[in-house]
A.B. asks: 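The structure's right below; bear with me while I get my questions together.
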Amino acid sequence: MSNLPLISIITPTYNHEKYIGDCICSAQSQTYTNWEMIIVDDGSLDRTYSIAQTYAEKDSRIKVFTQNNIGIFRLGETYNLALSKTQGKYIAVLEGDDVWMSEKLSLQVAEMEKDDNIVLSYGKAYSS
């Protein structure tokens, strides 16, 4: 899949120790495998950072960064930090307490690659 574009998944997270493992596993379960995941922990007070770091030690596509907590009202700064670390052609956002269906990236990349005029792709969400 090396001839397909690299997708940069940016994952801002804060106090998501209950969810971050499932979040990361949903990225790892993608049928589209040419991706990198940039996780930015916003100074969590729980084990979010250490859990994410454990995944990064086993999967070189995952990179974990931390910062002093700046909070939700400065989330743009957290996104910008993540974006500054990306190398992909496309950016995908996966919040630290969310998960993706396994074909999400495959479906979206296929559509994006059909037409250079497509600049945004999004999907529906559901709650179980």
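The residues of the chain are indexed from 1 along the displayed sequence. Predicted model only: the values in this text are computed from it and were never measured.
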A.B. asks: With a cut-off of 3.5 Å and sequence neighbours excluded, list every side-chain donor-acceptor pair involving residues 68-77.
C.D. replies:
| unit_1 | atom_1 | unit_2 | atom_2 | d |
| --- | --- | --- | --- | --- |
| Asn69 | ND2 | Asp42 | O | 2.9 |
| Asn69 | ND2 | Asp42 | OD2 | 3.1 |
| Arg74 | NE | Glu77 | OE1 | 3.4 |
| Arg74 | NE | Glu77 | OE2 | 2.8 |
| Arg74 | NH2 | Glu77 | OE1 | 2.9 |

A.B. asks: Just how far is it from atom CD of Gln30 to atom CD of Gln108, taken to the nearest 0.5 Å?
C.D. replies: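 Going from CD on Gln30 over to CD on Gln108, the span is 9.0 Å.
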A.B. asks: Go through the steps for Thr11 and Glu95 under the test side chain to side chain donor-acceptor pair (under 3.5 Å), then give the verdict.
C.D. replies: CA-CA 5 Å; Thr11 301; Glu95 303 288 339; over 6 Å; no
A.B. asks: Among all residues two or more places apart in sequence or in another chain, which pass the side chain to side chain contact (heavy atoms under 4.5 Å, CB included) test with Ile118?
C.D. replies: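 Expected list: Met112, Asp115.
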A.B. asks: Rounded to the nearest 0.5 Å, how far apart are CG of Leu105 and OG of Ser29?
C.D. replies: 11.5 Å
A.B. asks: We want to know whether Asp41 and Gln67 form a side-chain donor-acceptor pair, criterion being a heavy-atom distance below 3.5 angstrom.
C.D. replies: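 No, no side-chain donor-acceptor contact under 3.5 Å.
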A.B. asks: If hydrophobic clusters are built from ILVMFWY residues whose side chains come within less than 4.5 Å, do Leu94 and Tyr32 share one?
C.D. replies: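 Yes, Leu94 connects to Tyr32 through the hydrophobic network.
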A.B. asks: Any side-chain to backbone donor/acceptor pair from Arg61 onto Gln28? Under 3.5 Å, distance only.
C.D. replies: no
A.B. asks: Name every donor-acceptor pair, under 3.5 Å, that has one atom in a side chain of residues 15-27 and the other anywhere in the protein, sequence neighbours excluded.
C.D. replies:
| unit_1 | atom_1 | unit_2 | atom_2 | d |
| --- | --- | --- | --- | --- |
| Asn15 | OD1 | Leu45 | N | 2.6 |
| Asn15 | OD1 | Asp46 | N | 3.4 |
| His16 | ND1 | Thr13 | OG1 | 2.8 |
| His16 | ND1 | Tyr14 | N | 3.4 |
| His16 | NE2 | Tyr14 | O | 3.4 |
| Glu17 | OE1 | Arg47 | N | 3.2 |
| Glu17 | OE1 | Arg47 | NE | 3.3 |
| Ser26 | OG | Cys23 | O | 2.8 |
| Ser26 | OG | Trp100 | N | 3.1 |

A.B. asks: Shortest non-hydrogen contact from Ser8 to Gly88?
C.D. replies: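 So the two residues come closest at OG-N, 2.8 Å.
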A.B. asks: Same cluster for Ile10 and Phe65 if Ile/Leu/Val/Met/Phe/Trp/Tyr side chains link at under 4.5 Å?
C.D. replies: yes
A.B. asks: Honestly curious: do Tyr79 and Ile39 fall in one hydrophobic cluster under the side-chain, below-4.5 Å linking rule?
C.D. replies: no
A.B. asks: Go through Leu4 and Val109 one step at a time and tell me if the side-chain contact (heavy atoms from CB on, under 4.5 Å) criterion holds.
C.D. replies: CA-CA 9 Å; Leu4 293 175; Val109 170; 5.6 Å; no
A.B. asks: When rounded to the nearest 0.5 angstrom, what distance separates CE in Met37 from OH in Tyr55?
C.D. replies: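 Met37 atom CE to Tyr55 atom OH measures 10.0 Å (nearest 0.5 Å).
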A.B. asks: The criterion is salt bridge (charged side-chain N to carboxylate O under 4.0 Å, His left out); which residues satisfy it with Lys58, sequence neighbours excluded?
C.D. replies: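 Partners of Lys58 by the salt bridge (charged side-chain N to carboxylate O under 4.0 Å, His left out) criterion come out as none, since no residue qualifies.
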A.B. asks: With rounding to the nearest 0.5 angstrom, report the NZ to CD1 distance, Lys104 to Ile7.
C.D. replies: 9.0 Å
A.B. asks: Transitively linked via ILVMFWY side-chain contacts under 4.5 Å: Trp35 with Ile91?
C.D. replies: no
A.B. asks: Nearest 0.5 angstrom please: Leu107 CG to Met101 CE, how far?
C.D. replies: 10.5 Å
A.B. asks: Just to verify, what does Ala56 make a side chain to side chain contact (heavy atoms under 4.5 Å, CB included) with, not counting sequence neighbours?
C.D. replies: Ile62, Val64
A.B. asks: Listed by chain and number, what are the salt bridge (charged side-chain N to carboxylate O under 4.0 Å, His left out) partners of Lys63, not counting sequence neighbours?
C.D. replies: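 Lys63: salt bridge (charged side-chain N to carboxylate O under 4.0 Å, His left out) contacts with Glu36.
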A.B. asks: Compare all side-chain heavy atoms of Tyr90 with those of Pro5 and state whether any distance is below 4.5 angstrom.
C.D. replies: yes
A.B. asks: Does either side chain, that of Ser106 or that of Thr31, offer a donor lying less than 3.5 Å from an acceptor on the other one?
C.D. replies: yes
